[in-house]
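In what follows, every chain begins at residue 1, and chains take the letters A, B, ... in the order their sequences are listed.
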Amino acid sequence: NAGVTQTPKFQVLKTGQSMTLQCAQDMNHNSMYWYRQDPGMGLRLIYYSASEGTTDKGEVPNGYNVSRLNKREFSLRLESAAPSQTSVYFCASSEVFSPQTQYFGPGTRLLVL
Amino acid sequence: AQKITQTQPGMFVQEKEAVTLDCTYDTSDPSYGLFWYKQPSSGEMIFLIYQGSYDQQNATEGRYSLNFQKARKSANLVISASQLGDSAMYFCAMSPWGQGGKLIFGQGTELSVKP
């Protein structure tokens with residue numbers, strides 16, 4: 001039972017390059033989330049998927065797209081990376097879309113040069 | 001506006017002593033959940049404790065307790081008998097029912113436990 005897994009752990013991109021961050025959970029959770037954490041700050045919600053087949057914008061969605069591939073997997077895509085997207089990205093999941101515990105993946109450190 | 005405020009950027013505590021980390025929140029939603037997460041230097045986010053806004057009693061989980069004062073809109077985390085392994089960043093977060101499962105985080109408090 002791995003919980004929430006994320007790949008890659010670390011990535012360096014050049015400005016303008018694209019990449020996809022992968023997230024998978026094995027807890028049979030319905031809801032999944034993508035957050036970013038900038039230095040000295042708490043996490044901010046980028047996008048979420050309340051249930052399979054739905055996605056919606058969070059607080060800071062600009063520059064990102066998401067895909068809920070199936071119940072287990074939720075990917076985050078940067079189409080044209082910018083230095084302002086240098087951050088640590090966390091994926092999380094919860095059983096349903098309501099105020100309840102979210103379980104986080106280990107994070108992906110992204111550096112955009 | 002929905003907001004979480006953690007006013008202590010950093011704190012020190014002596015090993016085996018208790019420590020309180022402050023958290024205040026702002027929401028107009030009558031129903032919400034409050035959470036505390038721990039982030040050690042390794043970077044992962046570890047869930048510690050949850051309090052529902054209609055829960056009558058303060059939540060406890062082992063050495064962690066949440067001092068919930070609804071009228072003051074505060075949800076302070078109390079760690080009893082601090083251990084060296086408690087040194088980490090601690091984040092308070094809120095999830096208003098009107099916003100489903102979305103979490104709003106504070107900026108965090110860095111706790112250092114001294115031997």
Report task. Give the cluster check for B:V19 versus B:F68: same hydrophobic cluster or not, with ILVMFWY residues linked at side-chain heavy-atom distances below 4.5 Å. Result ->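 Yes, it is one cluster - the side chains of B:V19 and B:F68 are joined through contacts under 4.5 Å.
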
Query raised in the report: What do you reckon, are the aromatic ring centroids of A:Y35 and B:F105 less than 6.0 Å apart?
Result: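 Centroid distance A:Y35-B:F105: below 6.0 Å, so yes.
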
May I ask you to test the [X]-[Y] pair for a side-chain heavy-atom distance under 4.5 Å?
X     : Y      : answer
A:F90 : B:M45  : yes
A:F97 : B:K102 : yes
B:W97 : A:S98  : yes

Examine whether an atom of [X] lies under 4.5 Å from a heavy atom of chain A, and if so say whether it belongs to the side chain, the backbone or both; otherwise answer neither.
X      : result
B:P96  : backbone
B:Q99  : backbone
B:L103 : both

**Report entry** Whether over 12 other heavy atoms sit under 6.0 Å from A:E95 CD
**Finding:**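 No.
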
Query - Interface moiety of A:Q100 toward chain B, non-hydrogen atoms closer than 4.5 Å - result: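 A:Q100 touches chain B through backbone heavy atoms alone.
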
Query - Euclidean distance, A:L43 CG relative to B:I104 CD1, rounded to 0.5 Å - result: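 The distance works out to 12.5 Å.
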
Report task. For residues A:Q37 and B:F91, report the shortest heavy-atom separation together with the two atoms involved. Result ->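 Looks like NE2-CZ, 3.3 Å.
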
